[in-house]
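Structure first, then comments.
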Amino acid sequence: MKPDYEIGMTSLPGNGEIAQELRVLAAYLAFEGQSIYRVLAYQKAAREFGQLTDSVALATLEGRLTELPGVGPAIEAKVREYVETGRIAQLEKLRSSYPEGVLEVAELDGAGPKTARRLWDELRIDSLLAVKAAAEAGRIRALKGMGAKSEAKLLSSAETALARGPAPAPRRLLGHVEEPARRLLQALLDHPAVAQAEIAGSFRRRRSTVRDLDLVASTDEPETVGRFFGALPLVARVEQSGLTKVLIHTHNDLDVDLRLVPPASFGNLLQHATGSAQHNVELRGFSQKRGLRVNEYNVEEVQTGKAHPCAEEAAVYELLGLSWIPPELREGRGEIQAALEGALPNLVNREDLRGDLHVHSDWSDGRRTIEDMAIAARDRGLEYICISDHSKSIGMGIGVSDDDLRRQSEEIRLLNARLDGIELLAGSEVDILADGEIDLPDDLLASLGFVVASIHSGFQQPVERIMARFRSALENPFVDAIGHPSGRLLGRREGYALDIEELAGTAAATGTMLEINASYDRLDLRAAHARRAKELGALVVISSDAHSPRGFDLLPYGVGEARRGWLEAKDVANTRPLEDFRGLLRRSQR
Ligand code: DGT
Ligand code: CA
Ligand code: CA
Ligand code: ZN
């Protein structure tokens, strides 16, 4: 359906579209064997654009594009060409020289741009199907430097990729949609015809990734509000516009559903649109047994037809005889039963956190001095932080040598004498090496205030090897916590194989804490694992892994994941004042 009014910039390409053109260009440049730095630069710009809230096209036309990190004149020229003419001549030339299928071949496990190029040059292979046919005919092994083994590998990855089909639209990281979501909400709240507004859906449940945004608002003038919403500067186009529902697509390729009801029903709509679908299904079943029907507008008595609209969400649950359920728990994992029994957990809040036990400084890959980080933490209401720069094994010139670590501890001691209102713990993020060894000597480990041990290598190892490494780390009495226990990077890598039952069980038995890393691309432990850790008696610590002052602002994401894992303040070690926290450390039990 087309809206009946004009929107400012509908003809400009969206950020995702521009990013995609750059990604394809980068892939072709790699295929042609051009400089890796150029390829990486285009890829980086594509990533940057994909995360931007404001219109890349508009920034280009206004001459502001090169203000973005990593965007130089060369990339700016390509983007400008695309925005102004709808095509990048260089890319179109490449497209006409090589079918785009060669890029799919390059993406295959066991291939890469070099191999894809050879398969094209020597066998004219231009698609996954062509890889399969050539491999089955034994034509790939006949190429110089290739053998039966690499042919079999290519065949199996082509078959896997063909079976998988095209990738579904990726889910967005919660941290990447926070800004557009808040801007849209604020715009609604500022409008005089809007009575109440809220962000609902998976965003409100604080899921680590969201597919689309769901906004709800109450008003007596839905047409005015719908029109206003569709014309906001973030909006690239209006997909659908009615009196109860407006669907828009933003410049940064986010789909947003806005639902509108009269103020008397705001609580019903908010409850409905918050979900999850599973929670709503269970809630509907629960209310049916009590002769009630729940919908977006009211709670209805089935027998009499009497309707109870709810302006407040809590009233919906109250009518059902339930206490209000925090959105993070609404996943159909026992929350309705718990609400019925008055047994809902008293979930941990950001304000409960007194310390942050995973902080980097410019001694390793952090960007600011220890003092800057300490002051930034204090400004954010924290009482203590542990400086946990990487130990020596991390490589790339990032790790701190043992001697430097001793010097750092001394500097921290002096800073503590000088700074008021914040206490620094000297620490380290040590490496659990491939054989399970910790890469610092015991005397150095013993001299520190807190040690977090993480796996940064050997991700391909089978679960037995990974768990053996963890066992060995957990046996070390100077390891106080395990950092980002699964190693996942949301949207980028799965992490290694992990047996959470064993890890949490051993952590509980040895008194080792498990970290919830609050960086929104980690959120690791994930909620389900955090809940299991709690059940098995392991203490959790929510840490930011801050590499700059703004890193501390990610703590709420860790808290959200903890809440999704049913954690209370008492389950989280760093809600304690420093002295109590120290008392919980296994090093203090010696
Ligand atoms: P997402 O978008 O995949 O990250 O997750 P949600 O939970 O935001 O899902 P979405 O956007 O499809 O739906 C928003 C809310 O609408 C959902 O949380 C609850 C409600 N809803 C969706 N499907 C159903 C359903 O089949 N039954 C009921 N009762 N509610 C539904
Ligand atoms: Ca949604
Ligand atoms: Ca939706
Ligand atoms: Zn770290």
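Counting starts at 1 for both ligands and their atoms, in listed order. Below, each value reflects all heavy atoms present in this structure, side chains not excepted, and no hydrogens, waters or symmetry copies. Just so it is clear, the structure is predicted and the values come from calculations on it, not from any experiment.
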*Evaluate side-chain hydrogen bond (donor to acceptor under 3.5 Å, both in side chains) for Y557 paired with E178, printing each intermediate quantity in order.*
CA-CA 11 Å; Y557 293 99; E178 190 92 45; 2.6 Å; yes
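Under 4.0 Å from ligand 1, not a single heavy atom of D257 appears. The backbone and the side chain of H272 each have at least one atom closer than 4.0 Å to an atom of ligand 1 (non-hydrogen atoms only). The parts of D212 lying near ligand 1 are both backbone and side chain, judged by heavy-atom distances below 4.0 Å.
Checking N298 against R293 by side-chain atom types alone, no donor-acceptor pair falls below 3.5 Å. Under the 3.5 Å distance criterion, with hydrogens and angles disregarded, a donor-acceptor pair is assigned to the side chains of Q20 and R23. No side-chain donor from either of E351 and N349 sits under 3.5 Å from a side-chain acceptor of the other.
Annotation for ligand 1: atoms under 4.0 Å from non-hydrogen atoms of D214 are 8 (O), 11 (O), 14 (C). Close contacts between ligand 1 and R284 involve ligand atoms 27 (N), 28 (C), 29 (N) [criterion: under 4.0 Å to a heavy atom]. Near G201, meaning under 4.0 Å from any of its heavy atoms, are these atoms of ligand 1: 8 (O). Taking every non-hydrogen atom of T274 and a distance limit under 4.0 Å, the qualifying atoms of ligand 1 come out as 18 (O). Listed by number with element, the atoms of ligand 1 under 4.0 Å from a non-hydrogen atom of R205 are 7 (O), 18 (O).
Looking only at heavy atoms of the protein, atom 3 (O) of ligand 1 is closest to R171 NH1, 3.1 Å. Atom 10 (P) of ligand 1 has R211 NH2, 3.6 Å as its closest protein atom, hydrogens excluded (heavy atom only). Atom 23 (N) of ligand 1 has A277 CB, 4.0 Å as its closest protein atom, hydrogens excluded (heavy atom only).
Residue contact annotation: D212 places an N/O/S atom under 3.0 Å from the Ca ion (ligand 2).
Between S276 and ligand 1, not a single N/O pair is under 3.5 Å apart.
The heavy atom nearest to atom 15 (C) of ligand 1, considering only G275, S202, A273, is found in A273.
Checked against a 6.0 Å centroid threshold, the rings of H360 and H358 count as neighbours.
Between F459 and Y496, the angle of the ring planes goes over 60°, which puts this pair in the perpendicular group of the 30/60° scheme.
Judged by the 6.0 Å distance and 45° axis criteria, R227 is not positioned over the aromatic ring of F229.
Within the model, atoms CG of L12 and CG of L61 stand 6.0 Å from one another, a figure rounded to the nearest 0.5 Å.
Around the Ca ion (ligand 3), the two atoms OD2 of D257 and OD1 of D214 are separated by an angle of 90°, to 10 degrees.
A donor-acceptor pair is defined here as one N or O able to donate and one able to accept, closer than 3.5 Å; no such pair exists between the side chain of D214 and the backbone of A200.
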